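For reference, the structure is listed below as structure tokens.
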Amino acid sequence: MVFLSSMALPQLIPSHSSSSSLTHQLAINPNAVNPSLLNPNLKPFSKSSSLSQSRRFHRLSSLRCSASSFPEKHHTNPPTSNDVVELPLFPLPLVLFPGAILPLQIFEFRYRIMMHTLLHTDLRFGVIYSDAVSGTADVGCVGEIVKHERLVDDRFFLICKGQERFRITNIVRTQPYLVAEVNWLEDRPYGDEDLEGLANEVESYMKDVIRLSNRLNGKPEKEAQDLRRNLFPTPFSFFVGSIFEGAPREQQALMELEDTAARLKREKETLRNTLNYLSAASAVKDVFPSS
């Protein structure tokens, strides 16, 4: 099952095969991934955590991933695609989008070393999608630490926010943690595409998907409010990609696109396919209410 963050969404029906930079291309797994099974560096917060730790993380996680997290405009002086910089990398079984919020608990020794370095520099590192089957992508997103707490045992609780996208051009070193040279990725100029119209269509499909999904889950069919919240088309396309949870390969393909119109069209097709699936499931439920 794939879910919109804080919204109900059933199985995601991708529009077409991915064109991502993963070492191997596999069909999208519609089931939610358990990150702890794929990467020992990411430790989920469980009910067995101590009460004090739970309260501590609750304070840190007051930032939620919503459309309001995504800037209406990019930085006034964004890095250009010609810039080459060195960036410490954190492979994870998830995809971070620009503007999205990512909570992490850091406990593995090499990444604790990385955190000590980052906290004395610019608080930025690269998040790249990786899993045990498909390998590691070469396109990722910068995560900027916006809140952190160091525990007595030298673990860290972090809240990170996605910033610029990048492409790995050269591996500098692998020990004690991965560092690479990267180029920045930017979407190409808009051209003649009606991006506002595309973004409005995507928002409309999202509202319909949420409404029907709520109905199938026995929740009130309340109309979703403004999902764009004045976002320009490019950051809105990143927001939409960030809520396709449970299909990281599709998310990776969306993030790698360097064309806002192409990204919005792919998201629209995915949402339309999902809406058709929901409509059929809703019709079956009307005929067979107990099924």
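What you see is a predicted model; the values in this text were computed from it and never measured.
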**Heavy-atom pair of closest approach, residues K161 and G99** = CE-O, 3.9 Å
**Prompt:** What closest approach, in Å, do V95 and P248 show between heavy atoms, and which atom pair accounts for it?
**Reply:** CG2-O, 3.4 Å
**Message:** Which residue in the set Y177, F156, F90 passes ring pair (Phe, Tyr, Trp, His ring centres under 6.0 Å) when paired with Y111?
**Reply:** F90
**Prompt:** Say you draw a straight line from CZ of R272 to OG of S279; how long is it, rounded to the nearest 0.5 Å?
**Reply:** 12.5 Å
**Message:** When you compare the side chain of M115 with that of L118, does any pair of heavy atoms fall below 4.5 Å?
**Reply:** yes
**Asked** How many angstroms lie between atom CD of E269 and atom OH of Y205, to the nearest 0.5 angstrom?
**Response** 8.0 Å
**Asked** CD1/I171 to CG/L89 distance, rounded to the nearest 0.5 angstrom?
**Response** 6.5 Å
**Prompt:** What are the two closest non-hydrogen atoms of I168 and A137, and how far apart are they?
**Reply:** CD1-O, 4.2 Å
**Prompt:** Under 4.5 Å between any side-chain heavy atoms of H148 and L123, yes or no?
**Reply:** no
**Asked** G162 and L96: which non-hydrogen atoms are nearest, and at how many Å?
**Response** CA-CD2, 3.8 Å
**Asked** What's the verdict on side chain to side chain contact (heavy atoms under 4.5 Å, CB included) for L178 and F125, showing C-alpha distance, side-chain angles and the deciding distance?
**Response** CA-CA 10 Å; L178 190 61; F125 61 98; over 6 Å; no
**N214 CG to L278 CG distance, which is reported to the nearest 0.5 Å** = 10.0 Å
**Item:** Working for side chain to side chain contact (heavy atoms under 4.5 Å, CB included), residues D208 and R211
**Value:** CA-CA 5 Å; D208 288 340; R211 177 180 53 81; 3.7 Å; yes
**Prompt:** Short question: side chain of Q251, backbone of F244 - any donor-acceptor pair under 3.5 Å?
**Reply:** yes
**Prompt:** Can a donor-acceptor pair be found between the side chains of T234 and T260 at a distance below 3.5 Å?
**Reply:** yes
**Request:** Check the pair E193, K265 against side chain to side chain contact (heavy atoms under 4.5 Å, CB included), reporting the backbone distance first and the verdict last.
**Result:** CA-CA 11 Å; E193 293 281 359; K265 288 176 181 177; 3.1 Å; yes
**Item:** Side-chain ion pair, R266 and E250, N-O less than 4.0 Å
**Value:** yes
**Message:** I'd like to know if the side chain of S242 reaches the main chain of F239, judged simply by a donor and an acceptor atom lying under 3.5 Å from each other, with no hydrogens or angles considered.
**Reply:** yes
**Prompt:** With side chains defined as the heavy atoms from C-beta onward, is the minimum distance between L92 and L102 less than 4.5 Å?
**Reply:** yes
**Message:** Let's go through F109 and I113 carefully: what are the C-alpha distance in whole Å and the side-chain angles of both, what is the deciding distance for side chain to side chain contact (heavy atoms under 4.5 Å, CB included) to 0.1 Å, and is it a yes or a no?
**Reply:** CA-CA 6 Å; F109 180 67; I113 295 176; 3.3 Å; yes
**Message:** Regarding E164 and R124, does a basic nitrogen lie under 4.0 Å from an acidic carboxylate oxygen?
**Reply:** yes
**Cation-aromatic face contact R228/F232, 6.0 Å, 45 degrees** = no
**Fill in**
Nearest heavy-atom contact between G241 and E267 is N-OE2, 3.3 Å
**Any donor-acceptor pair under 3.5 Å from E203 side chain to L227 backbone** = yes
**Message:** Is it the case that the side chain of T136 and the backbone of S130 share a donor-acceptor pair, with hydrogens and angles ignored and the cut-off at 3.5 Å?
**Reply:** no
**Request:** Without swapping roles, check the side chain of R167 against the backbone of V139 for a donor-acceptor pair under 3.5 Å.
**Result:** no
**Request:** Enter the distance from R263:CZ to D187:CG here, rounded to the nearest 0.5 Å.
**Result:** 4.0 Å
**Message:** Within the structure provided, determine whether R150 and L119 are in side-chain contact (heavy-atom separation under 4.5 Å).
**Reply:** no
**Request:** Would you check if the side chain of N217 reaches a backbone N or O of K219 as a donor-acceptor pair within less than 3.5 Å?
**Result:** no
**Message:** Please report the interatomic distance CG(L254) to CZ(F97), rounded to the nearest 0.5 Å.
**Reply:** 5.5 Å
**Close side-chain approach of C141 and P98, heavy atoms under 4.5 Å** = yes
**Request:** Please tell me if the side chains of L264 and E201 come closer than 4.5 Å, counting only heavy atoms from C-beta onward.
**Result:** no
**Message:** Ignoring hydrogens, what is the shortest heavy-atom contact between D154 and R112? Give both atom names and the distance.
**Reply:** O-CD, 2.7 Å
**Message:** A side-chain contact here means heavy atoms from C-beta on lying under 4.5 Å apart; do I128 and P91 qualify?
**Reply:** yes
